[in-house]
Novice: 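If you scroll down you'll find the structure; I have some questions about it.
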Amino acid sequence: MRWTKDGLSIPTNLFEAALRHEPVRATCRRCRRATIFDPHQLWWLFQQRAWDDRLTAVGQRLRCTGQLADLPGECAGRASIDLARFGTSPTVALPWPPETEWKRAVRRVRS
């Protein structure tokens with residue numbers, strides 16, 4: 001967690017975003033298409049593949065699948081990552097982590 005001058009905490013990785021239930025928004029740098037991910041599902045994808053789950057590194061792994069008007073095929077641009085507002089529903093469905101794995105990860109942090 002990173003702390004602001006006001007004493008507010010800001011998640012710095014996918015696991016911290018999942019603990020706070022903050023949706024993750026990936027915005028394509030080329031076509032500006034935005035996709036909202038559930039942080040638990042995205043964390044599990046990165047956990048399974050042993051990828052770096054820092055928010056600054058997540059955009060290196062995600063690619064846009066949108067269509068550009070002036071280019072044939074998919075955009076394939078890299079994403080910039082930020083946190084969406086609470087209550088924003090995900091636009092992409094990924095597999096949920098097994099409950100035992102999620103609870104094990106939470107126990108590791110809280111102990």
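Residue numbers run from 1 in the order of the sequence given.
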Novice: Kindly write out the residues that satisfy side-chain hydrogen bond (donor to acceptor under 3.5 Å, both in side chains) with Thr65, not counting sequence neighbours, or none if the list is empty.
Specialist: Arg33

Novice: Are the side chain of Thr91 and the backbone N or O of Ile36 linked by a donor-acceptor pair below 3.5 Å?
Specialist: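 Indeed, once roles are kept as given, a pair shorter than 3.5 Å links the two residues.
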
Novice: Would you say Leu42 and Leu45 make side-chain contact, with heavy atoms under 4.5 Å?
Specialist: yes

Novice: Which pairs pass side-chain hydrogen bond (donor to acceptor under 3.5 Å, both in side chains) with one or both residues in residues 49-62, sequence neighbours excluded?
Specialist: Asp52-Arg54, Gln60-Arg78

Novice: Can you tell me how far the NZ atom of Lys103 sits from the CD atom of Glu99, to the nearest 0.5 Å?
Specialist: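 Between atom NZ of Lys103 and atom CD of Glu99 there are 4.0 Å.
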
Novice: Among residues at least two apart in sequence or on other chains, which ones pass salt bridge (charged side-chain N to carboxylate O under 4.0 Å, His left out) with Arg63?
Specialist: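 Not a single residue meets the salt bridge (charged side-chain N to carboxylate O under 4.0 Å, His left out) criterion with Arg63.
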
Novice: Could you tell me which non-hydrogen atom of Cys64 sits nearest to which non-hydrogen atom of Cys31, and how far apart they are?
Specialist: SG-SG, 3.6 Å

Novice: Identify, with sequence neighbours excluded, every residue that meets ring-ring contact (aromatic ring centres under 6.0 Å, His included) alongside Trp44.
Specialist: none

Novice: Identify every side-chain donor-acceptor pair in residues 10-21 under 3.5 Å, counting partners at least two apart or on other chains, and give the distances.
Specialist:
residue: Thr12; atom: OG1; partner: Glu16; partner atom: OE1; Å: 3.0
residue: Asn13; atom: OD1; partner: Phe15; partner atom: N; Å: 3.1
residue: Asn13; atom: OD1; partner: Glu16; partner atom: N; Å: 2.8
residue: Glu16; atom: OE1; partner: Met1; partner atom: N; Å: 3.2
residue: Glu16; atom: OE1; partner: Thr12; partner atom: N; Å: 2.7
residue: Glu16; atom: OE2; partner: Met1; partner atom: N; Å: 2.8
residue: Arg20; atom: NE; partner: Glu22; partner atom: OE2; Å: 2.6
residue: Arg20; atom: NH1; partner: Ser9; partner atom: O; Å: 2.9
residue: Arg20; atom: NH1; partner: Ser9; partner atom: OG; Å: 2.5
residue: Arg20; atom: NH2; partner: Glu22; partner atom: OE2; Å: 2.8
residue: His21; atom: ND1; partner: His40; partner atom: NE2; Å: 3.3

Novice: To the nearest 0.5 Å, tell me how far Leu62 CG sits from Ser80 OG.
Specialist: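 So the CG of Leu62 and the OG of Ser80 are separated by 10.5 Å.
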
Novice: Answer with yes or no whether the hydrophobic clustering places Phe37 together with Trp96; edges join I, L, V, M, F, W, Y residues whose side-chain heavy atoms lie under 4.5 Å apart.
Specialist: no

Novice: Is there a side-chain contact between Val92 and Asp38 (heavy atoms, below 4.5 Å)?
Specialist: no

Novice: List in chain and number order the residues that pass salt bridge (charged side-chain N to carboxylate O under 4.0 Å, His left out) with Arg25, two or more places apart in sequence or in another chain; answer none if no residue qualifies.
Specialist: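 Per chain and number, Arg25 pairs via salt bridge (charged side-chain N to carboxylate O under 4.0 Å, His left out) with Asp82.
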
Novice: Evaluate the criterion side-chain contact (heavy atoms from CB on, under 4.5 Å) for residue pair Ile81 and Val24; output intermediate values, then yes/no.
Specialist: CA-CA 7 Å; Ile81 303 297; Val24 177; 3.6 Å; yes

